[in-house]
Number of protein chains: 2
Amino acid sequence: MTEQDPATPPRRARRVDARRNEQRLLDAAATVFATSGVDAPIRTIAAEAGVGLGTIYRHFPTRTELVVAVYGHQVEACVDVGQRLLAEAASATSAASPFDALLVWVDRFVDFVITKHGLADALGSDDAGFQRLHAYFLDRLVPVCAELLAAAERSGQITPGVDAYELMRGIGNLCVGHETDARYDPRHMIGLLVRGLRVSGTGSPAPSSANP
Amino acid sequence: MTEQDPATPPRRARRVDARRNEQRLLDAAATVFATSGVDAPIRTIAAEAGVGLGTIYRHFPTRTELVVAVYGHQVEACVDVGQRLLAEAASATSAASPFDALLVWVDRFVDFVITKHGLADALGSDDAGFQRLHAYFLDRLVPVCAELLAAAERSGQITPGVDAYELMRGIGNLCVGHETDARYDPRHMIGLLVRGLRVSGTGSPAPSSANP
DNA sequence: GACAATCCGGAACGCGGTTCCGTATCGTTT
DNA sequence: AAACGATACGGAACCGCGTTCCGGATTGTC
């Protein structure tokens, strides 16, 4: 009942020291990432966790997997927020339009990216490992974004044909440099970008949609 | 007459081998940058130029200076294009609006960034050296962008208060990843961003400005 | 308690940036 | 033209970081 695949004979359970070290690594990584960003040297994380280099590579063969393990639940939270916003905007009694929902959600996403040192840079990096990190985050987030876009599109608030993937990627890119450049505030440009989504030529929401 | 500052006794002219090597390095860097991007290993450039590592570091102590030396004239060309567009848009007989001028100029700028492998990434990097590269490009380009923005603003085409520096930086950021991600086309998002500049609520240019 | 599966630690290798200095080359002076 | 500083060159060497690998310790099972 609690077994795995029939083709996977559950030879033995994971050893306790393995589980212990994995937890230590997660804690250490969270600490180090918050302090020095996701580009911190592997050795630093290993030292913080009090384990050897081999250990960290065995548990998390790529930096990506470690980042995902550390931030994964926050990504899921972001997904949840998006779905809640979607439901709210769809409800007949809601005052918030789908476009408003999109605005709020984008803001949440930016919060997430901005509070993680170097995450935006990492996502934008052309390093193969980070491409997978990128892929993971986007696989979860793009569908939500796509739904929000579709809803706003249906209500005639935004110009159709905008690709959710590109939008997410663009927003992530715009976050680059927020902490090394006092003159640059990502939210300004993201605000402009989102404004650019709106249908052009009309100041009012939608002609055909129901509006109180 | 052809001397320098009085406080600078022209001790001796630069040696011919120094000048020769500098030229070789510029040629080699241009080749290597075009092939492998601006992040190519220093050793590669030195090898391509047929010089030692010491030589490249003597002529260009930082990678930034080498990049500037290689691409500097293209930056100047971009400045010139901007000023020409500005003059055209200001001319009474011109059909192009200041906003059109801005559009064209941004497109040129994107051309420049995109055709240089990894330039966008470099500009977005939080590395100290690249911050200066960034600073150099922006010192030249931001004033032009600011003038274009101001002109479009005066004609009532765009929302006021947009900072040229942030816009340039944002556009540069949006270019990141164009060559490692087939699904991402920077121009789509840049188009959206620029659309976001337009005054909201009105589909027509300006109420008070002179319009043919 | 013994045995094998599992896991650990850290030495070791490769790569790239950067520094440093013995040597070669150049321009000038005599 | 020969000698002599000034200048520039080359590349060995060092450091930091990512990654691999394996001898040995630890754990679960019999």
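Just so we're on the same page: letters track the sequence lines, and every chain starts at 1.
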Would you call A/Ile42 and A/Arg63 a side-chain contact if the rule is heavy atoms closer than 4.5 Å?
-> yes
Determine whether any donor atom in the side chain of A/Arg43 lies under 3.5 Å from an acceptor atom in the base of D/dG18, or the reverse, and answer yes or no.
-> yes
For the residue pair A/Trp105 and A/Phe109, categorise the inter-ring angle as parallel (less than 30°), tilted (30 to 60°) or perpendicular (more than 60°).
-> parallel
Side-chain N or O of B/Asn21 closer than 4.0 Å to phosphate OP1/OP2 of D/dC9 | yes
Find which nucleotide of DNA chain D each of B/Arg58 and A/Pro61 is nearest to by heavy atoms, and output the residue with the more 5' nucleotide.
-> B/Arg58
Distance in angstrom units between B/Phe60 CZ and C/dG17 P, rounded = 16 Å
Quick one: is D/dG10 close enough that its OP1 or OP2 comes under 4.0 Å of any side-chain N or O from B/Thr55?
-> yes
A/Arg140/A/Glu76 salt bridge by N-O under 4.0 Å criterion = yes
Roughly how many Å is it from CG in A/Asp39 to P in D/dG18, rounded to a whole number?
-> 9 Å
Given C/dC7, is OP1 or OP2 found less than 4.0 Å from the side-chain N or O atoms of A/His59?
-> no
Check the distance between C/dT19's C1' and B/Tyr57's OH and give it to me in whole angstrom.
-> 9 Å
Within 45° of the six-membered ring axis of B/Tyr71 and under 6.0 Å from that ring's centre, is NZ or CZ of B/Lys116 located there?
-> yes
N/O (side chain, B/Arg12) to phosphate O (OP1/OP2, C/dC26) under 4.0 Å | no
In whole angstroms, how far is the P atom of C/dG27 from the CG atom of B/Asp17?
-> 7 Å
A/Arg19 has an atom CZ; how far is it from atom P of D/dT27, in whole Å?
-> 12 Å
Rounded to whole angstrom units, what separation is found between the CZ atom of B/Arg14 and the C1' atom of C/dT25?
-> 15 Å
Most 5' of B/Leu53 and B/Val16 on DNA chain C, judged by nearest nucleotide | B/Leu53
Please state how far atom CD1 in A/Ile45 lies from atom P in D/dC17, giving the value in whole angstrom units.
-> 12 Å
Would you mind reading off the distance between A/Arg20 atom CZ and C/dG9 atom C1', rounded to a whole angstrom?
-> 13 Å
